[in-house]
Amino acid sequence: MVRGAAKAASQERNAKKQAAMKKSGTQLGCGEKALSLDCAICKTRMPTLQNLKDHFASKHPSSPLPDGLEEGLRAQAAKRAQDQKLKDKKAPPQAAAKKKKKNDDADLSLLMEGLGTGKKKKKHLQFF
């Protein structure tokens with residue numbers, strides 16, 4: 001039994017790995033957690049407020065929207081706008097993109113020539 005210690009260590013590592021996999025669960029469980037909103041009428045689960053609003057508009061048009069749905073949508077829109085402002089402040093200047101635009105015309109003319117849609121240079125034949 002020369003490998004007795006190595007075998008025990010390997011089994012211990014494998015047991016830890018199996019426990020971690022069991023703890024994480026399946027992807028189906030993660031999908032169920034994402035569906036956090038319920039339709040009050042038909043009990044269908046929705047992932048976002050916008051999906052719930054669209055569901056009410058298409059499936060239950062005569063029923064009023066649930067309380068707080070419109071306020072929740074406005075709050076989400078305000079948060080997205082605030083996040084976008086923060087993102088715009090952190091964005092680098094677009095100077096590099098402007099420099100590249102000067103070369104685009106030359107690239108475009110080469111492309112057009114290759115496709116046969118642009119003006120082709122006439123070849124002058126010289127006869128001696």
(request) Can you run down the side chain to side chain donor-acceptor pair (under 3.5 Å) pairs that involve residues 9-20, sequence neighbours left out, and say none if there aren't any? (result)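 Pairs touching residues 9-20 that pass the test: none.
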(request) With sequence neighbours excluded, give me every side chain to side chain donor-acceptor pair (under 3.5 Å) pair touching residues 53-63. (result)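 As it turns out, the side chain to side chain donor-acceptor pair (under 3.5 Å) pairs with a partner in residues 53-63, which skip direct neighbours, are Q50-D54, H55-H60.
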Could you tabulate the donor-acceptor pairs under 3.5 Å formed by side-chain atoms of residues 66-74, not counting sequence neighbours?
unit_1 : atom_1 : unit_2 : atom_2 : d
E71    : OE1    : G68    : N      : 3.3

(request) Could you pull out all residues at least two apart from K79 that satisfy salt bridge (Lys or Arg N to Asp or Glu O under 4.0 Å)? (result)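 For K79 the salt bridge (Lys or Arg N to Asp or Glu O under 4.0 Å) partners, ignoring immediate neighbours, are D83.
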(message) According to side-chain contact (heavy atoms from CB on, under 4.5 Å), who are the partners of D38, at least two apart in sequence or on a separate chain?
(response)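 Here the qualifying residues are R45.
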(request) Supply the atom-to-atom distance T44 OG1 to F56 CZ, rounded to the nearest 0.5 angstrom. (result)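 Between atom OG1 of T44 and atom CZ of F56 there are 9.5 Å.
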